[in-house]
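Each remark here refers to the structure printed beneath this line.
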Amino acid sequence: DAGVIQSPRHEVTEMGQEVTLRCKPISGHDYLFWYRQTMMRGLELLIYFNNNVPIDDSGMPEDRFSAKMPNASFSTLKIQPSEPRDSAVYFCASSHRQGYNSPLHFGNGTRLTVT
Amino acid sequence: ILNVEQSPQSLHVQEGDSTNFTCSFPSSNFYALHWYRWETAKSPEALFVMTLNGDEKKKGRISATLNTKEGYSYLYIKGSQPEDSATYLCAFLFGNEKLTFGTGTRLTIIP
């Protein structure tokens, strides 16, 4: 099993540009989560999906952020337009829920820098 | 707002010593408590998922206990080794699906 795969590993972009982060969850996992990690707030949940359906997007900072999961093996997190305060490490994680006992499996993250 | 508190924020421990740190969480509507280890330049990896009051879990030199009635969990490391240096995160499962993370305890083992 290759684990959760995120791309790109690093992204540097200018303010105002569109940024798309990608995630491939572990095959067979029903849940996919997008987290953002910053020094000030630690790991924040942005949005999560169950069987490709967005369940809770209350953590998405504002309308500039959107996420999709068109199929069970792919998800994107898009920021348009990007701003310097979006600079952070973005993690994707997946889990296979069986009651409450399933841990999250994290990807290696995408480090986003907006200048 | 759910508060998951971890203490201390950081900790320096001499190699060979044992140590422990705390995760505090809401004691009502408990579903599960997760512990993760996060090494620098890597991604968080699950250590334990704990669901029952009084649970004790162990993996090698690392163990954890859970008290859901008072809302805390302890993580213990016995005989610390340099490879134990990492940030240890706990996460509270809210509403059966939504994990809320604490800000972590950064552990540094001094050789």
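The chains referred to below are lettered A, B, ... by the order of the sequence lines, with proteins before strands, and numbering in each begins at 1. Note that the coordinates shown come from a computational prediction; the quantities given were computed from them, not determined experimentally.
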For B:E83, is the CD atom crowded, meaning more than 12 foreign heavy atoms sit under 6.0 Å from it? yes

Side chain, backbone, both or neither: which part of A:D56 has a heavy atom under 4.5 Å from chain B? side chain

Would you sort out whether B:L99 and A:L45 count as a side chain to side chain contact (heavy atoms under 4.5 Å, CB included), showing the intermediate values? CA-CA 8 Å; B:L99 268 180; A:L45 178 64; over 6 Å; no

Around atom CG of A:N71, are there more than 12 heavy atoms from other residues, nucleotides or ligands closer than 6.0 Å? yes

In terms of heavy-atom contacts, does CD of A:E18 have more than 12 from other residues, nucleotides or ligands at under 6.0 Å? yes

If you count the non-hydrogen atoms of other residues, nucleotides and ligands that lie under 6.0 Å from CD in B:E15, is the total more than 12? yes

Engaged part of A:T38 at the chain B interface, taking heavy atoms whose separation is under 4.5 Å: neither

Between NE2 on residue B:H34 and CG on residue A:L104, distance to nearest 0.5 Å: 6.5 Å

Count the heavy atoms belonging to other residues, nucleotides or ligands that lie under 6.0 Å from CZ of A:R111, then report whether that count exceeds 12. no

In terms of heavy-atom proximity below 4.5 Å to chain A, should B:W35 be classed as side chain, backbone, both, or neither? neither

Flag yes if more than 12 heavy atoms outside A:R41 fall under 6.0 Å of its CZ atom; otherwise flag no. no

Heavy atoms, side chains only, cut-off 4.5 Å: are B:F101 and A:Q37 in contact? no

Is there a donor-acceptor contact under 3.5 Å from the side chain of B:Y36 to the main chain of A:P103? no

Can you name the closest pair of heavy atoms from B:P44 and A:L43 and give their distance? CG-CD1, 4.4 Å

